[in-house]
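Heads up: the structure comes next, in structure tokens.
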Protein chains: 2
Amino acid sequence: MRVNFSNEDFKVGLATSVVLYGFDGDDLKILIAEKVGEPYSGAKILPSTVVHIDEDPEDVAIELMRRITGSADWPIEILNAFAEVYRNPSGRVVNVAYYGTLQLNEALSEDLLRSEYKWVNVNDIPPLAFDHNKIVDYSRERLKRRVKRRPIGFSLLPKEFTMNQIQRLYECALGRDLDKRNFRRKLLKSELLLETDHFVRSSAKARRPSALYKFDEKKYRSLTLRGYDFVYQ
Amino acid sequence: MRVNFSNEDFKVGLATSVVLYGFDGDDLKILIAEKVGEPYSGAKILPSTVVHIDEDPEDVAIELMRRITGSADWPIEILNAFAEVYRNPSGRVVNVAYYGTLQLNEALSEDLLRSEYKWVNVNDIPPLAFDHNKIVDYSRERLKRRVKRRPIGFSLLPKEFTMNQIQRLYECALGRDLDKRNFRRKLLKSELLLETDHFVRSSAKARRPSALYKFDEKKYRSLTLRGYDFVYQ
DNA sequence: AATACTTAGTGTGAAATTAACACTAAGTTC
DNA sequence: GAACTTAGTGTTAATTTCACACTAAGTATT
């Protein structure tokens, strides 16, 4: 079998986009940017950047995430190559897309307030340039599957969280309501959660404070590495 | 956000490789080719080809499959982009890989005997050039997941097949033994199988012939389209 | 015709998991 | 201390999963 490239074949450009998920306690959100410069100036897009000829798309995606969020330590995973022939006036571009999950804390929110990035509810994604809506849809399917099989949700939660928060996160990711009692039972049985002795008021109106949990990092890591069936089909 | 390409960035080559799965009744196999021409002449590789600047990798992969097997109608699915920076002396190449499942019938086997392609047992894959072993591993994981969630296995079986054959296929794909009684029960309950009134002898020594089943195409298609939880976690 | 041989095909019960369901507990505010 | 709001808790029935071993059918051999 012969696989011969001619000079004409080396004219593709590489880009990477990242779908960055955050959870504010009520809703699952992703980061959207506004494009500057032609083509599609002013259009909404996923955070994206060029991958230069000597770069690994994953490294570039991680660096992009660091530039946006200030940290490169959020988990990131490849989604796919989006390689359809679409017209970008400058030439053909293949997009290697990633998705990541991060803890949407206040500091991060404030930093981003003064930036070109906006958190958008996943149920309310505007039309995006290129095929970026396709990438978002793809990442949501992936997140849904991951959440079912692995305790990946934790990377979206703050260090300490209430049962209601994590349940709400699962509901957002899966797109359906879950039974409170069954959810708690299932989660506690996994033994991934550690009770803390902290409590919070969930809202101004709330009377009884709710207990805060954190997760058992060691157990979490070992379960994340090997393929463990977590909660919810 | 600014995403600017310079001319220097449009120097990537695109290739596609396909992992084509076949099942001969006993073992799950994939097609391996031998590379002609530098680099890596003589090395084993996945069936691969250049994607020209104006082509969609999926179309190219389908055409490649047609060239090899004589038919473009086998199901094919994208795996991923394998985009690490590895040295191909002619330039940087990003590989968009696919996997497909086909019915390994006798006609096809004979055609391929006189070709450069060889069926290789999935448990016995030789070292391949580039990062093709990585692609194969990735495709096996994918197949494993698919087989668990969808009745995808059928595309690997002949029109009519025995319970033992389909069980063996599942065992190969999942890499573990399954209980005969439980397997049959589960599969029959799915109502995807139609009994035929045909029988075969499974081997020369076998005495009692086994019943042949086919699958209910309509039901199969509807279950394949929506996300249906099939057999085996 | 009887026997031996080989693979096909079948059922049951225990254990675990899932799913549905509604009330009491705790703490705050008025 | 009463009212309010959200937190937190148990049980039961239905379903699914898993482990396990014998009989049935047809062919070949004598």
Side-chain angles (χ1 to χ4, degrees), chain A residues 25-26 147-151 157-158 160-171 174-214 223 227-233, chain B residues 25-26 147-151 157-158 160-171 174-214 223 227-233:
Chain A
D26 290 316
V147 138
K148 285 177 183 177
R149 313 291 286 190
R150 298 186 180 187
L157 290 165
E160 302 195 341
F161 48 86
T162 69
M163 274 290 186
N164 282 333
Q165 283 174 331
I166 188 169
Q167 180 177 346
R168 175 76 187 149
L169 169 59
Y170 270 83
E171 289 176 336
L174 294 173
R176 64 186 168 98
D177 288 346
L178 300 172
D179 180 90
K180 187 157 72 160
R181 282 165 291 189
N182 293 338
F183 183 82
R184 277 164 193 249
R185 192 179 9 251
K186 211 164 192 174
L187 214 54
L188 289 173
K189 213 184 66 177
S190 77
E191 294 190 304
L192 278 164
L193 295 193
L194 296 172
E195 236 176 308
T196 71
D197 51 2
H198 302 158
F199 293 84
V200 280
R201 296 267 294 286
S202 63
S203 76
K205 283 184 180 173
R207 304 298 174 225
R208 182 176 179 179
S210 33
L212 285 168
Y213 294 81
K214 57 185 179 181
L223 292 182
Y228 171 67
D229 282 348
F230 190 49
V231 273
Y232 288 100
Q233 290 307 312
Chain B
D26 289 316
V147 137
K148 285 176 184 178
R149 312 291 287 189
R150 296 186 182 187
L157 290 165
E160 303 194 339
F161 49 85
T162 68
M163 274 289 186
N164 283 332
Q165 284 174 331
I166 187 170
Q167 181 178 345
R168 175 76 188 148
L169 169 60
Y170 269 83
E171 289 176 336
L174 293 173
R176 63 183 168 100
D177 289 345
L178 300 172
D179 180 89
K180 188 158 73 160
R181 282 164 291 190
N182 293 338
F183 183 83
R184 277 165 194 249
R185 194 183 6 254
K186 210 163 192 176
L187 214 54
L188 289 173
K189 213 184 65 176
S190 79
E191 293 189 306
L192 278 165
L193 295 193
L194 296 172
E195 235 175 307
T196 71
D197 50 3
H198 302 158
F199 293 83
V200 282
R201 296 265 294 286
S202 63
S203 75
K205 284 184 180 173
R207 305 299 174 222
R208 181 175 180 178
S210 32
L212 286 168
Y213 295 81
K214 56 186 181 181
L223 291 182
Y228 170 67
D229 281 349
F230 189 49
V231 272
Y232 287 101
Q233 291 307 316

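Keep in mind that what you see is a predicted model, and the values were worked out from it rather than measured. Below, chains carry the letters A, B, ... as their sequence lines are ordered, and counting in each starts from 1.
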Nucleotide-resolved protein contact map, nucleotides 6-14 of chain C, B/S/- at heavy-atom distance under 4.0 Å: BBBBBBB--

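For the atom pair CD (E191(B)) and CG (L193(B)), the distance works out to 10.0 Å, reported to the nearest 0.5 Å. Once rounded to the nearest 0.5 Å, the distance linking CG of L169(B) with CG of L174(B) reads 9.0 Å.
Heavy-atom minimum distance, L212(B) versus E160(B): CD1-OE1, 3.7 Å. Nearest heavy-atom pair across Y213(B) and E195(B) is CE2-CG, 3.5 Å.
Spacing between atom CG of L178(A) and atom C1' of dA20(C) amounts to 14 Å, rounded to whole angstrom units. In this structure, K189(B) atom NZ and dC18(D) atom P are separated by 12 Å, rounded to whole Å.
Checking side-chain atoms of E171(B) against main-chain N and O of L178(B) turns up a donor-acceptor pair under 3.5 Å.
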